[in-house]
Structures are given as C-alpha cells and as structure tokens.
Amino acid sequence: MEAPEFTLEKTAFSIKGTCRSLGDNHLYVDGKELTNLADSQAIRNHSPDGPAWGYGGSGPAQAALMICLNIFGNKHVAQALYQDFKQNFVAKWGKNGESFEAEIDITDFLIEHRDRLKQALQQQQ
C-alpha cells in the first residue's frame, strides 16, 4: 500500500515558551500561541498540568505533542513522531520553569524518521 503524500509549507520554526507562574506555561509557534492542549490530551494525556520543557518527562511529552499537532497538522504523524521530537528538541529547551526561545529546522529530523512518518501516513488510510 502506497503512503499518501505528505507536504509541509516549511520546515523552520520559531518556538517560544513562557512560564508565568508554576504550572502556567504557554507555547508559541511562529508567534502564535498554541491553544490545543485539550486536543493533544485527547490523543495522549501525559500531563494534566499542561506543557513543560527542559527535561524528558511528561510535561515535555505534552508540549511535544502540542507542537507536532500544530506543525504537522496531522494527528497520525504527530502521534508517531512526538516522543522523538521531545528528545530531539523540547527536552533541550531551557530549564523547567524558565522561559525560552528557540529556532528549529526539522528537515534532518524528518529525514531520520521517514520510515515512521511513512507508517503513520499508511495508518491514516
């Protein structure tokens, strides 16, 4: 079975995380605040408290899933890639509880995970 075609408009993104108070973290992709916490939790509820970053735990997993849903626009792709996205990017951003800004390019990430991407697209059919 041939996987459907998958295209992205771009592969470089500006990611920002702000921490207003303990447990009040906000994520932005290219300046737009992510408001898809409930959507990401419907797929996998790692963190009832929402997103976090700077380590490899449940809050960063939720953040990675939120970002992947936004970037990829495809829940199958997001679900297949978010744990690796967490390890490659989210776990390295700032320290837990500190705001950060990062510029990322996911081209190499997608190349490294092309088999998983293909499988996710086949599951979508």
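Atom set for the values below is all heavy atoms of this structure, side chains included, hydrogens, waters and symmetry mates excluded.
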Side chains of Gln62 and Ser40: do they bring a donor and an acceptor to under 3.5 Å?
yes
Take His76 and Phe6 through the ring pair (Phe, Tyr, Trp, His ring centres under 6.0 Å) test and state the conclusion after the steps.
CA-CA 12 Å; His76 297 285; Phe6 179 75; over 10 Å; no
Is there a donor-acceptor pair closer than 3.5 Å between any side-chain N or O of [X] and the backbone N or O of [Y]?
{"X": "Lys86", "Y": "Gly56", "result": "yes"}
{"X": "Gln41", "Y": "Ser47", "result": "yes"}
{"X": "Ser99", "Y": "Cys19", "result": "yes"}

Taking the side chain as C-beta and beyond, is there a heavy-atom pair between [X] and [Y] under 4.5 Å?
{"X": "Asn74", "Y": "Leu121", "answer": "yes"}
{"X": "Leu110", "Y": "Leu81", "answer": "yes"}
{"X": "Phe89", "Y": "Ile106", "answer": "yes"}

Check the hydrophobic clustering (I, L, V, M, F, W, Y; side-chain heavy atoms under 4.5 Å; chains of links allowed) and say if [X] and [Y] are grouped together.
{"X": "Val29", "Y": "Tyr82", "result": "no"}
{"X": "Val77", "Y": "Phe85", "result": "yes"}
{"X": "Leu37", "Y": "Leu69", "result": "no"}
{"X": "Met66", "Y": "Tyr28", "result": "no"}
{"X": "Tyr55", "Y": "Leu65", "result": "no"}

State the [atom1]-[atom2] distance between [X] and [Y], to the nearest 0.5 angstrom.
{"X": "Glu33", "Y": "Lys16", "atom1": "CD", "atom2": "NZ", "result": "10.0 Å"}
{"X": "Thr11", "Y": "Ile71", "atom1": "OG1", "atom2": "CD1", "result": "10.0 Å"}
{"X": "Asn25", "Y": "Leu34", "atom1": "CG", "atom2": "CG", "result": "12.5 Å"}
{"X": "His113", "Y": "Asp84", "atom1": "NE2", "atom2": "CG", "result": "3.5 Å"}

Verdict with supporting geometry, Trp53 and Ile67, side chain to side chain contact (heavy atoms under 4.5 Å, CB included):
CA-CA 12 Å; Trp53 46 82; Ile67 293 167; over 6 Å; no
Nearest heavy-atom neighbours spanning Leu27 and Pro51:
CD1-CB, 3.7 Å
Between Ala52 and Val90 the two heavy atoms that sit nearest each other are O-CG1, 3.7 Å
Partners of Arg114 by side-chain contact (heavy atoms from CB on, under 4.5 Å), sequence neighbours excluded?
Ile111
Please walk me through it: do Lys10 and Asp30 pass side chain to side chain contact (heavy atoms under 4.5 Å, CB included)?
CA-CA 11 Å; Lys10 61 186 218 160; Asp30 293 337; 2.4 Å; yes
